[in-house]
Every structure is written in C-alpha cells, then in structure tokens.
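First up is the structure itself, then whatever we jot down about it.
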There are 2 protein chains.
Amino acid sequence: MTTDVSAAEPPVPACPGPGPDEARWLSEDEQLAWRAWLFSSLLLHDRLDRDLIRETGISHAYYEILVQLSETPGHSLRMSELAERCLSSRSRLSHAVARLEERGWVRRQVCAEDGRGQLAVLTDEGFAALEGAAPVHVESVRTHLLDQLSPQQITAMRDIGETLLRHLAPR
Amino acid sequence: MTTDVSAAEPPVPACPGPGPDEARWLSEDEQLAWRAWLFSSLLLHDRLDRDLIRETGISHAYYEILVQLSETPGHSLRMSELAERCLSSRSRLSHAVARLEERGWVRRQVCAEDGRGQLAVLTDEGFAALEGAAPVHVESVRTHLLDQLSPQQITAMRDIGETLLRHLAPR
DNA sequence: GCGGAATAGTAAAGCCTTCAACTACGCTAG
DNA sequence: CTAGCGTAGTTGAAGGCTTTACTATTCCGC
C-alpha cells in the first residue's frame, strides 16, 4: 500500500529514519486516538445541536448566548465580553444577537460608561425560552455523553479538556 | 443567586428532591467536565481548521474528503459512501465535490454497476495537494493536541472517543 | 482641548451548509 | 413488460459564518 493518506500517515510513507526537516508522522496509537476524538466530537456536537433545534427551535450557539447572559448579574453583558464567553467572533455575535432581538429574547442598550459599547440584555421572554430549553438540553447531554461514560472516564474527560483549554485559551 | 442558568443548573434552582418528571440536573463535577469538553473541543476544531486553511487553503472538511479518497484502492468512492465516511450529508458532499472538481482535485465518473451512482475519483493533482497539506495538518494536530497530553491522557482520550462512537455511530 | 491611534460594534459580500424538492435509475410484483 | 416504489445523487433557495471595510467613540500625549 503505497497510496494511503490520513492524518497519521504521509501520502507516501516516510523514510525509515526521520530526516532533518521530516515531519513527525503519527504512530498507530496516536492516529487511533486522534481519529476517535475527531469523529466522536463531531458526532456529539452534531447530535446535541440537532436535538436542541428539533425540540426547542434553538441552536446550541444561540442557547449558549442565552446561558451566558442568564449567568450574569443584571442578565446583561457587553457585546465583546459576550462574544468572548461564547467563543464567538464579534461579527458572528452581532448577527446572532440581531436574530435573538427579532425573537424578542434579547435587546440592545447603549452602554452608559462607554458610548461606543452596546449592552446585550436578556429579556423575560428570553429567560423563559431558556427555562424551557434547559431541561431538554441537559437531558441530551446526559443521554449522549455522561450516561455513556464511567465516573473515571468523566474525570479523565474533564482533565483532558482542562489541559487543552490551558493551551488553547490561556489565562 | 436565583437567576443563574447553565447546562448544569436550571434557570430556577430545582427543588431539593427531584420530583417525578423532574429533569436530572448536572452535578458540579458533571458540569465542569461537560463544559471543559465543550469549550476545548470547539477551540481545538477551530484552531486546527484555521491552521490548515491559513497554510494550505484547504479546510478540514475538504481535507477529509481527500484523505478518505486516498485511503481507498483506486482512489475512488461512491458519493454516498464518501459522505458517510466524512460524516457529511449527501447534499453537503455533493456541493463540496463540485468545488473540489473546480480545483481539479477530484473528478466524477458514472458508476459502472449502478447507473444511478457516481464515483468520486481523486486526481493526481488532488493527491499532490494532499501530500502538501498532510505534514502541515499532522504538525498542527501534534502541537495543539498530542504534545499537550501525557501518554495516559492520550490513551484515555482514545478510550472515551471510542466509547462515544459506539453510542453515536453504532456498527 | 485637539489630533491621531485604538477600540466597539455593525454592514456587506461571498462561501458553506441545510432543507426540501426534483431527476434519474433500478428493483420487484403482477 | 410495466407500474409503482425505493435509492442515488443533484439542485436551488434560505440562512449562518467569515472576512473585510467602515462608522462612531474614546483614549492619550502634547
């Protein structure tokens, strides 16, 4: 087999000994671990998002915005702070908040301290929508993630996630 | 605080004892594990995809199509088989293959055995593009994932991923 | 205060994905 | 053989996300 390519192996097998600027290809084990993570995370995100949309009409991205606002005293956040907490670009958040505004779940308010800023504020209707969606989402997270794993696996998952977060989102 | 909402806690705290059709809220530990997984996986997908696009102009979704084709004898697959392996809908794959065709990396060919079917075939140019991109991508997977984790964590990650896959993609 | 740089947020264009038809072909019962 | 159904794949419209550019406001050094 001289024509296999994957994340683990080069399209053309690497030389026996790695050369000076030879890329470090993945071992069999690394490959299997990486692909298992890749596919399982894609499938899980997809599943949770679809469940939530089907049963509540709220995508996970929008749900996250509502959650972040609800967790804040005053149920409001500056647009950029909200974007950061939602792992969203400012532009993306701006679009998303516009749509949530149309639904009457969030409203914008000019920021008192900084005339440039906008405050996204969760409305009562938005809070009610979140109250309705939260149990559905939690159930879905349980069914497809937590119920599938042993307590040790859940601990390990947290450990791995936190390790990666320190690298990917320092501070 | 009676107004916090997250994936773990209800918008209004649940009653002390869970009622009959009371949702099962997440414990503190479950919540932390779930959120760590959620954010780290979002950030990692995003990071790997951006690295690949920036350095090669190929998104991870397109890269995966090329990989799957390259791993097949004959460097070709039926459209629906390819869609399944890429965790993609048929429509999505159809659009994507159209773009890859424009780049000259894939071509379509009617299937001999089944007149309804199409075969996606990797071209030599497509294979060359993959050869160029693979080392970049592998390096990125190493830097942001494998190098961050201990051997035990990598083993645990694989174990968790495979467990979830059995649930999410049975068979 | 004032001119320039930096920051907050929005808007527009283009690509990607989804959803819902729609075409074309194959399979099977009568 | 042919009607009807199921399967393979594509298409087009709608909406979301990214990128880039733009406006408005604030900050800072003088």
Side-chain angles (χ1 to χ4, degrees), chain A residues 42-43 45-54 57-66 68-69 76-103 105-121, chain B residues 42-43 45-66 68-69 76-103 105-121:
Chain A
L42 286 175
L43 284 169
H45 279 295
D46 189 62
R47 184 62 174 264
L48 296 175
D49 200 30
R50 282 174 191 277
D51 277 6
L52 194 54
I53 290 171
R54 178 167 39 75
I58 309 175
S59 71
H60 195 263
Y62 289 10
Y63 180 85
E64 189 65 34
I65 292 173
L66 301 181
Q68 293 297 338
L69 287 175
S76 67
L77 277 171
R78 288 290 293 269
M79 291 296 283
S80 30
E81 174 67 20
L82 182 54
E84 207 165 299
R85 295 194 190 192
C86 294
L87 304 182
S88 180
S89 71
R90 292 181 182 189
S91 176
R92 180 188 181 193
L93 183 75
S94 195
H95 286 294
V97 166
R99 283 179 232 113
L100 292 174
E101 239 178 337
E102 286 169 16
R103 295 196 191 187
W105 292 351
V106 170
R107 64 186 161 74
R108 278 179 234 241
Q109 186 179 300
V110 286
C111 182
E113 302 93 51
D114 188 338
R116 296 167 299 183
Q118 291 277 105
L119 229 47
V121 186
Chain B
L42 285 175
L43 284 169
H45 279 294
D46 189 63
R47 183 62 174 263
L48 295 175
D49 199 32
R50 282 173 192 278
D51 277 5
L52 193 55
I53 290 172
R54 177 168 37 77
E55 302 202 25
T56 71
I58 308 175
S59 70
H60 194 263
Y62 288 10
Y63 180 84
E64 189 65 33
I65 292 173
L66 301 181
Q68 293 297 338
L69 288 175
S76 66
L77 277 171
R78 289 288 293 271
M79 290 297 283
S80 30
E81 176 66 21
L82 182 54
E84 207 164 298
R85 294 193 190 192
C86 293
L87 305 182
S88 180
S89 71
R90 292 181 182 190
S91 174
R92 180 188 180 192
L93 183 75
S94 193
H95 287 293
V97 166
R99 310 269 153 60
L100 292 175
E101 240 179 334
E102 286 168 15
R103 295 196 192 187
W105 292 352
V106 171
R107 63 185 164 75
R108 279 178 233 241
Q109 186 179 299
V110 287
C111 181
E113 302 94 50
D114 188 338
R116 295 167 299 182
Q118 291 275 106
L119 229 47
V121 186

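So that the names make sense, note that chain A is the first sequence line, chain B the second, and so on, each numbered from 1.
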Rounded off to whole Å, could you give me the [atom1]-to-[atom2] distance for the [X] and [N] pair?
X: A:Gln118; N: C:dT7; atom1: CD; atom2: C1'; result: 14 Å
X: B:His60; N: C:dC16; atom1: NE2; atom2: C1'; result: 16 Å
X: A:Glu84; N: C:dA8; atom1: CD; atom2: C1'; result: 13 Å
X: A:Leu82; N: C:dA8; atom1: CG; atom2: P; result: 14 Å

* To do: Name the residue closer to the 5' end of DNA chain C, choosing between A:Glu81 and A:Arg50 according to the nucleotide with the nearest heavy atom.
  =>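 That would be A:Glu81.
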* Between A:Asp46 and A:Gly117, who's closer to the 5' end of DNA chain C by nearest nucleotide? ->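 By nearest-heavy-atom nucleotide position, the 5'-most residue is A:Gly117.
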* For the helix from C:dG1-D:dC30 to C:dG30-D:dC1, what is the angle between the axes at its two ends, each from 5 pairs, rounded to 10°? ->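 Answer for the end axes of this duplex: 20°.
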* What's the shortest heavy-atom distance between A:Ala120 and A:Val106, and which atoms? -> CB-CG1, 4.1 Å
* Asked: What are the two closest heavy atoms between B:Ser94 and B:Met79, and how far apart are they?
  ->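 In this case the closest contact between B:Ser94 and B:Met79 is CA-CE, 3.9 Å.
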* List for me each residue that meets side-chain hydrogen bond (donor to acceptor under 3.5 Å, both in side chains) alongside B:Arg107, sequence neighbours excluded, and say none if there are none. => B:Gln109
* Structure fact -> The side chain to side chain contact (heavy atoms under 4.5 Å, CB included) partners of A:Leu42 (sequence neighbours excluded) come to A:Leu38, B:His45, B:Leu87
Could you list, one pair per line, each protein nitrogen or oxygen that sits under 3.5 Å from a nitrogen or oxygen of nucleotides 22-28 of chain C, together with the distance?
residue	atom	partner	partner atom	Å
C:dG26	OP1	B:Gly115	N	3.0

Taking only distance into account, with no hydrogens and no angle test, what donor-acceptor pairs under 3.5 Å do side-chain atoms of residues 111-119 of chain A form with protein atoms, sequence neighbours excluded?
residue	atom	partner	partner atom	Å
A:Asp114	OD1	A:Arg116	N	2.9
A:Asp114	OD1	A:Arg116	NE	3.0
A:Asp114	OD2	A:Arg116	NE	3.4
A:Asp114	OD2	A:Arg116	NH2	2.8

* To do: Output all residues satisfying salt bridge (charged side-chain N to carboxylate O under 4.0 Å, His left out) with A:Arg108, sequence neighbours left out; order by chain, then residue number.
  =>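 Per chain and number, A:Arg108 pairs via salt bridge (charged side-chain N to carboxylate O under 4.0 Å, His left out) with A:Glu101.
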Residues 48-60 of chain B, side-chain donor-acceptor partners within the protein, below 3.5 Å, at least two apart:
residue	atom	partner	partner atom	Å
B:Asp49	OD1	B:His60	N	2.8
B:Arg50	NE	B:Asp46	OD1	3.1
B:Arg50	NE	B:Asp46	OD2	3.0
B:Asp51	OD1	B:Arg54	NH2	2.7
B:Asp51	OD2	B:Ser140	OG	2.9
B:Asp51	OD2	B:His144	NE2	3.0
B:Thr56	OG1	B:Leu52	O	2.6
B:Thr56	OG1	B:Ile58	N	3.1
B:Ser59	OG	B:Tyr62	N	3.3
B:His60	NE2	B:His137	NE2	3.4

* Asked: Reading DNA chain D 5' to 3', which nucleotide is the first, and which the last, to come under 4.0 Å of any heavy atom in chain A?
  -> D:dG16 to D:dT26
* Does a side-chain N or O from A:Arg108 land closer than 4.0 Å to OP1 or OP2 of C:dG9, or not? ->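 Negative; the distance criterion is not met.
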* Nucleic acid contacts of residues 89-102 of chain A, taken as heavy-atom distances under 4.0 Å to DNA chain C -> A:Arg90, A:Ser91, A:Ser94, A:His95
* **Residue pairs passing the side-chain hydrogen bond (donor to acceptor under 3.5 Å, both in side chains) test where at least one lies in residues 82-93 of chain A, sequence neighbours excluded** => A:Glu81-A:Arg85
* Supply the atom-to-atom distance B:Leu82 CG to B:Leu69 CG, rounded to the nearest 0.5 angstrom. => 5.0 Å
